[in-house]
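Structure first, then comments.
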Amino acid sequence: MRSEPDQILELTPDALVVLERFATPARVDEVLPGASAEMLAFIETLVELELLVGPELQPPPYGWEAPLQPMFRLPVWPNVLPGSSPPIVVLGARFDDATSSAYPRGARDGPTALRRAGSSFPLRVRVGVEAAGLPHVELGERMLVGAVMADAGDLVTDPGCAWPVFAAALEARMRLLGERARCLLLGGDHSVTLPALRALAEVHPGGFGVLHFDAHGDLGPVDEPATVTHANVMRHALALPQVAKLVQVGVRGFQALPPERDAYRRFTAADVERDPESIVAAVDPQLPWYVSVDVDVLDPSVAPGTGAPEPDGLRLRQLREALRACLLGRRVVGADLVECHDQPGDRLTGRVGAQIVLELADLMDRGRP
């Protein structure tokens, strides 16, 4: 019985009989009079994993699901043997309840769309075998050669799940994975980035930078300290003591942004063309970096499936070149791609997103410790 992508319980026939008796709410001592210490410990484990709950309790408004169609046809975590460095693990966060009312929801379907499109790019990884890589025509080389990757499935939330409940569950999972792997997160709306940064802060207490590609600064006001939305997530990120620097790339349109300072630099979509050297210089090579890509940094003609499209965005080639210029030679310790919507008739956004995920994974692998 699999409770979570990295916790598997082996049940004996006797244990299955015990579980069937709890289908109707009952006290442990009624079902198991004179139970052994081992059986009581087993019951406690099921309660801790929230597979058994008391009659007065409700199941949590979230669950973990193994991927039906793993990204790039990867093995499912933890069915991968360790390599020379921690593996890269893809993790989905199907959550969009932090999307403000002015924008349509739909980002919770992003991981599904990305995995469906990603099946077109099989990495040909067998269990415990390093990737042979994918040939990239423009680079003239293979990407992800020797990478060890796996797919850890999705955190799935019920509609209306409160953000703190979702965030605590995702942060706990990413902290657990972070002890054994490097996480590449599939959103979800942009609020999913904050739990990822909080989990990373425990692994890198000395500080790290955040490289943020987005049409929007996501630095909106915070009405209450606990309020997190897709539009203010980077304001919360800057408040984390471990975030030493935030570099934003691709912002454009009409929005109020705070003045720049040492810990905060921003570059417009036009800067990507006219002053790319300044962007690269802002990405301090002494820091480890987390990369967050909102798909709306791209022009809507390239990726129409997003909740807040802005005209005059980047082309996919520009984004790829900027990512490589900024991050080759840097240590990339985590990444995410967010705000992909699975819209009827749109096969382009998922395919573009899957290529961005490949790019992020390759940069993470090249910057392996």
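The residues of the chain are indexed from 1 along the displayed sequence.
Here the side chains of V210 and K245 are not in contact, with every heavy-atom distance at 4.5 Å or above. Contact check for L314 versus D299: no side-chain heavy atoms found under the 4.5 Å cut-off. The closest side-chain heavy-atom distance from V297 to V249 is not below 4.5 Å. Residues V156 and Y62 have side chains not in contact (no heavy-atom distance under 4.5 Å, counting atoms from C-beta outward). Contact of the H212 side chain with the V247 side chain is not registered, since no non-hydrogen atoms from C-beta on lie closer than 4.5 Å. The side-chain heavy atoms of L363 and V291, taken from C-beta on, include no pair separated by under 4.5 Å. Using a 4.5 Å heavy-atom threshold, the side chains of V295 and V293 count as separate. Under the 4.5 Å side-chain criterion, counting only non-hydrogen atoms from C-beta, I356 is in contact with L298.
Note: T268 OG1 to L257 CG = 11.0 Å, rounded to the nearest 0.5 Å. Rounding to the nearest 0.5 Å places CG of D365 at 8.5 Å from CE of M149. Rounded to the nearest 0.5 Å, atoms CD (E277) and CG (D275) are 6.0 Å apart. To the nearest 0.5 angstrom, M71 atom CE is 9.5 Å from L123 atom CG. In this structure, L327 CG and M364 CE are separated by 11.0 Å, a value rounded to the nearest 0.5 Å. In this structure, OG on S119 lies 11.5 Å from CG on L74, to the nearest 0.5 angstrom.
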Verdict with supporting geometry, L358 and L144, side-chain contact (heavy atoms from CB on, under 4.5 Å): CA-CA 8 Å; L358 276 173; L144 291 163; 3.7 Å; yes

Chi angles and distances behind the side-chain contact (heavy atoms from CB on, under 4.5 Å) call for R94, L155: CA-CA 6 Å; R94 281 157 52 187; L155 169 60; over 6 Å; no

Test side-chain contact (heavy atoms from CB on, under 4.5 Å) applied to W163 and L194, step by step: CA-CA 11 Å; W163 192 89; L194 188 58; 3.8 Å; yes

D271 and S278: CA distance, side-chain angles, deciding distance, side-chain contact (heavy atoms from CB on, under 4.5 Å) verdict: CA-CA 9 Å; D271 289 331; S278 293; over 6 Å; no

Working for side-chain hydrogen bond (donor to acceptor under 3.5 Å, both in side chains), residues T99 and D96: CA-CA 6 Å; T99 303; D96 61 6; 5.3 Å; no

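Nearest heavy atoms, P304 versus L348: CD-CD2, 4.2 Å. When all heavy atoms are compared, the tightest approach of A215 to Q255 is O-NE2, 3.0 Å. In this structure, A152 and V89 approach most closely via the heavy-atom pair CB-CG1, 3.4 Å. The two residues A169 and W64 have their closest heavy-atom pair at O-CZ2, 3.8 Å. Contact between W77 and A181 at its shortest, heavy atoms only, is CH2-CB, 4.2 Å. Nearest heavy atoms, P111 versus G187: CD-O, 3.2 Å.
Without hydrogens or angle criteria, Q318 side chain to R315 main chain gives a donor-acceptor distance under 3.5 Å. Here the side chain of N232 pairs no donor or acceptor atom with the backbone of R235 at under 3.5 angstrom. Judged purely by atom type and a 3.5 angstrom limit, T306 uses its side chain to pair as donor or acceptor with the backbone of E339. Not a single donor-acceptor pair under 3.5 Å links the side chain of D336 to the backbone N or O of T193. With hydrogens and angles ignored, the 3.5 Å screen pairs no side-chain donor or acceptor of R182 with any backbone N or O of V333. At least one donor-acceptor pair under 3.5 Å links the side chain of R252 to the backbone N or O of E310.
Note on residues 288-322: no pairs pass ring pair (Phe, Tyr, Trp, His ring centres under 6.0 Å), not counting sequence neighbours. Judged as a salt bridge (charged side-chain N to carboxylate O under 4.0 Å, His left out), the pairs with a partner in residues 254-266 (not counting sequence neighbours) are, in order, E260-R265. For residues 251-285, no residue pair satisfies the ring pair (Phe, Tyr, Trp, His ring centres under 6.0 Å) rule, not counting sequence neighbours.
Side-chain heavy atoms closer than 4.5 Å link hydrophobic residues (I, L, V, M, F, W, Y) into clusters, and following such links, even through other members, never connects I88 to V203. Residues Y103 and L219 do not share a hydrophobic cluster, defined by chaining ILVMFWY side chains whose heavy atoms lie under 4.5 Å apart. V280 is not connected to L323 by any chain of hydrophobic side-chain contacts under 4.5 Å among Ile, Leu, Val, Met, Phe, Trp and Tyr, and they are in different clusters. One hydrophobic cluster, built from ILVMFWY side chains closer than 4.5 Å, holds both L360 and V302.
The side-chain contact (heavy atoms from CB on, under 4.5 Å) test applied to R320 returns H136, E138, L316, Q355, E359, not counting sequence neighbours. Under the side-chain contact (heavy atoms from CB on, under 4.5 Å) criterion, C183 pairs with M174, L177, sequence neighbours left out. Residues satisfying the side chain to side chain donor-acceptor pair (under 3.5 Å) test with R105, not counting sequence neighbours, are D97. Under the side chain to side chain donor-acceptor pair (under 3.5 Å) criterion, T112 pairs with no residue, sequence neighbours left out. With sequence neighbours excluded, the residues forming a side chain to side chain donor-acceptor pair (under 3.5 Å) with E171 are R175, listed by chain and number. Residues satisfying the side-chain contact (heavy atoms from CB on, under 4.5 Å) criterion with E321, sequence neighbours excluded, are R317. Listed by chain and number, the residues in a ring-ring contact (aromatic ring centres under 6.0 Å, His included) with H341 amount to none (sequence neighbours excluded). The side chain to side chain donor-acceptor pair (under 3.5 Å) test applied to D109 returns no partner, not counting sequence neighbours. Residues that satisfy the side-chain contact (heavy atoms from CB on, under 4.5 Å) test with A162, not counting sequence neighbours, are P164, V165.
No side-chain donor-acceptor contact under 3.5 Å links H216 and D218. Between the side chains of H230 and D294, not a single donor N or O lies within less than 3.5 Å of an accepting N or O. One side chain, H190 or S292, offers a donor N or O that lies under 3.5 Å from an acceptor on the other.
For R73 and D151, the salt-bridge test fails: no basic side-chain N is under 4.0 Å from an acidic carboxylate O. Here D154 pairs with R115 in a salt bridge; the nearest charged N to carboxylate O distance falls below 4.0 Å.
The 12-atom threshold is exceeded at CG of D158, counting heavy atoms of other residues, nucleotides or ligands nearer than 6.0 Å. No more than 12 heavy atoms of other residues, nucleotides or ligands shown are found within 6.0 angstrom of CZ on R347.
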